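Residues take their numbers from the sequence shown, with the count starting at 1. Because only heavy atoms are used, hydrogens play no part in the values below, and waters and symmetry mates are left out as well, while side chains stay in. Since this is a predicted model, take the numbers as computed values, not measurements. Just so you know, ligand 1 is whichever comes first in the structure, and atom 1 is the first atom listed for that ligand.
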Amino acid sequence: EEQEEDVLRELRLFLRNVTERLALDRRFKAFTKPVDIEEVPDYLMVIRKPMDLSTLLTNIDQHKYVTVREFMSDTDLIWQNALEYNPDSDPMDRHIRHRACALKDTVRAIIRDELDEDFERVCEEIRESR
Ligand SMILES: CC(=O)c1csc(NC(=O)C2C[NH2+]C2)n1
């Protein structure tokens, strides 16, 4: 009902704010857009579920996320994919893995500091009722 739509609207505002702050952080530049398959032709052979910050914003606007948990599954894909695609000891791989770990820690810190547990519980109730 209307109150549920108010909750989901507030969820989308929170998720857009988090995503835009991540996209402004220069450390996460490599994660802002889908990997360019012309530049990295083998990427889709290694990574089955690509994800990036611009796609998160599109998903939010398409009402894909009803809970923060669902949003975090997709933010986890971003750094997990980077760790998987860049496993080697060469400096470039190490550099992007460091940024992937920074993305993981930054998302978790924001959620811990800024998400009210009771708000997420209401979102989970809405998801289970649908
Ligand atoms: C987004 C992402 O994880 C990404 C984009 S390019 C890249 N890795 C490289 O270009 C090479 C360094 N060793 C492979 N990783």
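Taking every heavy atom of Ala82 and a limit of under 4.0 angstrom, the matching atoms of ligand 1 come to 3 (O). Interface of Tyr85 with ligand 1, defined as ligand atoms under 4.0 Å from a residue heavy atom, comprises 7 (C), 8 (N), 15 (N).
Less than 4.0 angstrom separates atom 3 (O) of ligand 1 from at least one non-hydrogen atom of the protein.
Sorted by first and then second residue, the side-chain hydrogen bond (donor to acceptor under 3.5 Å, both in side chains) pairs involving residues 94-108 (not counting sequence neighbours) are Asp76-Arg108, His95-Arg99.
In Val35, the part holding a heavy atom less than 4.0 Å from any atom of ligand 1 is the side chain. Using a 4.0 Å cut-off between heavy atoms, Ala30 contacts ligand 1 through its backbone alone, with no side-chain atom that close. Using a 4.0 Å cut-off between heavy atoms, Ile96 contacts ligand 1 through its side chain alone, with no backbone atom that close.
For atom 6 (S) of ligand 1, the closest heavy atom belonging to the protein is Val40 CG2, 4.4 Å. Protein heavy atom at the shortest distance from atom 11 (C) of ligand 1 is Asn86 OD1, 3.8 Å. Considering only non-hydrogen protein atoms, atom 12 (C) of ligand 1 sits nearest to Asp93 OD1, 3.0 Å.
Rounded to the nearest 0.5 Å, atoms CD (Glu5) and CG (Leu11) are 11.0 Å apart.
Looking at Ile60, Leu13, Ile110 one by one, the single match for side-chain contact (heavy atoms from CB on, under 4.5 Å) with Val18 turns out to be Ile110.
In this structure, Glu120 contributes its side chain and Val68 its backbone to a donor-acceptor pair below 3.5 Å. Under a 3.5 Å cut-off, the side chain of Thr58 and the backbone N or O of Ser54 do form a donor-acceptor pair.
Listed by chain and residue number, nothing satisfies the ring-ring contact (aromatic ring centres under 6.0 Å, His included) test with Phe119 (two or more places apart in sequence, or in another chain).
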Practice item. Could you give me the CA-CA distance, side-chain angles and deciding distance for Asp42 and Tyr85, then say whether side chain to side chain donor-acceptor pair (under 3.5 Å) is met? Key: CA-CA 10 Å; Asp42 70 330; Tyr85 187 72; 2.5 Å; yes
